[in-house]
There are 2 protein chains.
Amino acid sequence: MLITVDFLSDSPIYIQIYEQIVFGIAAGSLCSGESLPSVRRLAEDIGVNLHTVNKAYRLLSDDGYIRLEHRTGAQVVGIGLSHADIMPYLTDRLRLLAAQAVVLGMSEREFANLASEEYRKIDSKRTAGK
Amino acid sequence: MLITVDFLSDSPIYIQIYEQIVFGIAAGSLCSGESLPSVRRLAEDIGVNLHTVNKAYRLLSDDGYIRLEHRTGAQVVGIGLSHADIMPYLTDRLRLLAAQAVVLGMSEREFANLASEEYRKIDSKRTAGK
DNA sequence: TCGATTGTTATATTAGATATATAACAATTT
DNA sequence: AAATTGTTATATATCTAATATAACAATCGA
């Protein structure tokens with residue numbers, strides 16, 4: 001899976017890497033058990049420091065998206081197999097977006113539909129076997 | 001409306017202020033046209049620097065939640081009256097949450113219901129006239 | 001008109017986060 | 001044993017977050 005970084009972006013590089021890998025797993029570009037590049041390899045590929053990739057991997061590991069082991073490297077945990085409890089975080093972030101939607105003038109239905117739509121866009125990629 | 005800050009939180013103080021005011025508007029604690037405390041007043045009330053509040057207010061203004069004027073101060077714009085285009089941001093953030101929901105093993109329905117639920121929790125407060 | 005209050009801008013300082021650079025360590029597979 | 005992996009340790013530079021003072025600029029009200 002191709003990973004790219006925008007050095008001019010407001011969001012930190014390790015966050016960009018983190019999010020792209022989450023998207024990769026959700027979209028089926030990264031399958032359960034699949035190995036990610038080593039921190040050194042990915043760092044060189046995208047032109048950043050080893051520690052920046054390491055920080056992203058550690059965060060992914062803390063959130064249950066990947067497992068980290070010596071020599072074996074980083075491996076994707078897979079859909080529905082994580083034991084990390086990120087629901088509180090997800091709910092909290094969704095709460096802010098809901099508030100913003102309210103202020104924006106969106107209806108409950110419109111907001112739920114937007115959520116469904118974004119879910120389906122990602123999920124259909126995996127279902128298609130990409 | 002009471003605003004509090006957690007100095008030990010990971011999220012910056014100006015973001016905490018920003019989010020609480022967005023929630024306040026969405027929940028009806030802050031009504032259209034209502035005045036917010038001056039930057040100096042709020043800064044003193046919650047024990048932070050004037051510039052920290054100012055940063056929050058400027059961000060709220062950029063995102064269309066409030067209007068800033070000399071002497072008059074900061075005034076709430078109100079539901080559905082903003083001209084700022086924050087939909088791209090909202091969609092982008094919702095996309096990440098959708099991806100995380102997919103990896104978590106949630107169904108499309110479950111994710112949409114969670115979105116609806118969070119929307120309703122906030123919206124019902126305003127509807128109740130709080 | 002004058003004065004007070006408002007947001008705004010400017011400058012400086014401190015602390016923390018982000019990212020880099022090197023180096024070494026520790027675990028594990030081959 | 002050797003190589004590859006994540007991990008830890010230092011050090012450095014840059015940027016953000018937050019504070020502290022001070023002054024400026026707009027505007028409302030007396």
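None of these values were measured; they are calculated from a predicted model. Lettering of chains follows the sequences in order, A, B, ..., and the numbering in each one begins at 1.
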Nearest of C:dG7, D:dC28, C:dT20 to any side-chain atom of A:V48?
C:dT20
Counting only heavy atoms from other residues, nucleotides and ligands, does the tally under 6.0 Å from CD of A:E44 exceed 12?
no
N/O donor-acceptor pair under 3.5 Å between A:S124 side chain and A:K121 backbone:
yes
Please report, rounded to the nearest Å, how far the P atom of C:dA19 is from the OH atom of A:Y18.
15 Å
Between atom NE2 in A:H70 and atom P in C:dC25, what is the gap in whole Å?
14 Å
Would you say the side-chain atoms of B:R126 pair up with the backbone N or O of B:A26, donor to acceptor, closer than 3.5 Å?
yes
Nearest-angstrom distance from the residue atom CG of A:N49 to C1' of D:dA11
13 Å
Hey, can you pull the residues of residues 58-68 of chain A with a non-hydrogen atom under 4.0 angstrom from DNA chain D?
A:L68
Please round to 10 degrees the angle between the axis of the first five pairs and the axis of the last five pairs in the helix from C:dT1-D:dA30 to C:dT30-D:dA1.
30°
Residue-phosphate contact under 4.0 Å: A:T52 side-chain N/O, C:dT18 OP1/OP2
no
Starting from P on C:dT9, measure out to OH on B:Y57 and report it in whole angstrom.
17 Å
In whole angstroms, how far is the C1' atom of D:dT7 from the CG atom of A:L50?
10 Å
Taking NZ, NE, NH1 and NH2 as the nitrogens, is one of them in A:D45 or A:R41 under 4.0 Å from a carboxylate oxygen of the other?
yes
Check this one for me: any side-chain N or O of A:Y14 less than 4.0 Å away from OP1 or OP2 of C:dT18?
yes
Using modelled atom types only, decide if a donor and an acceptor are shared between the side chain of B:Q100 and the backbone of A:V22 within a distance under 3.5 Å.
no
Can you check salt bridge (Lys or Arg N to Asp or Glu O under 4.0 Å) on B:E69 and B:R67, steps first, answer last?
CA-CA 7 Å; B:E69 282 170 16; B:R67 277 183 308 109; 2.8 Å; yes
Relative to the 5' end of DNA chain C, which residue comes earlier, A:R40 or B:S38, by the nucleotide with the nearest heavy atom?
B:S38
A:H51 NE2 to C:dA19 P, straight-line distance once rounded to whole Å:
13 Å
Could you check how far CD1 of B:I15 sits from P of D:dA17, rounded to whole Å?
7 Å
Is B:Q16 reaching over with its side chain to a backbone N or O of B:D6, donor-acceptor style, under 3.5 angstrom?
yes
Roughly how many Å is it from CG in A:N54 to C1' in C:dT22, rounded to a whole number?
15 Å
Would you indicate, yes or no, if D:dA17 has its OP1 or OP2 atom less than 4.0 angstrom from a side-chain nitrogen or oxygen of B:K55?
yes
Out of D:dT19, C:dT30, D:dT7, minimum distance to the side chain of A:R71 belongs to C:dT30
Side chains of B:Y18 and B:D63 only: does a donor on one sit below 3.5 Å from an acceptor on the other?
yes
Indicate yes or no: at least one non-hydrogen side-chain atom of B:V48 is less than 4.5 angstrom from one of B:L42.
no
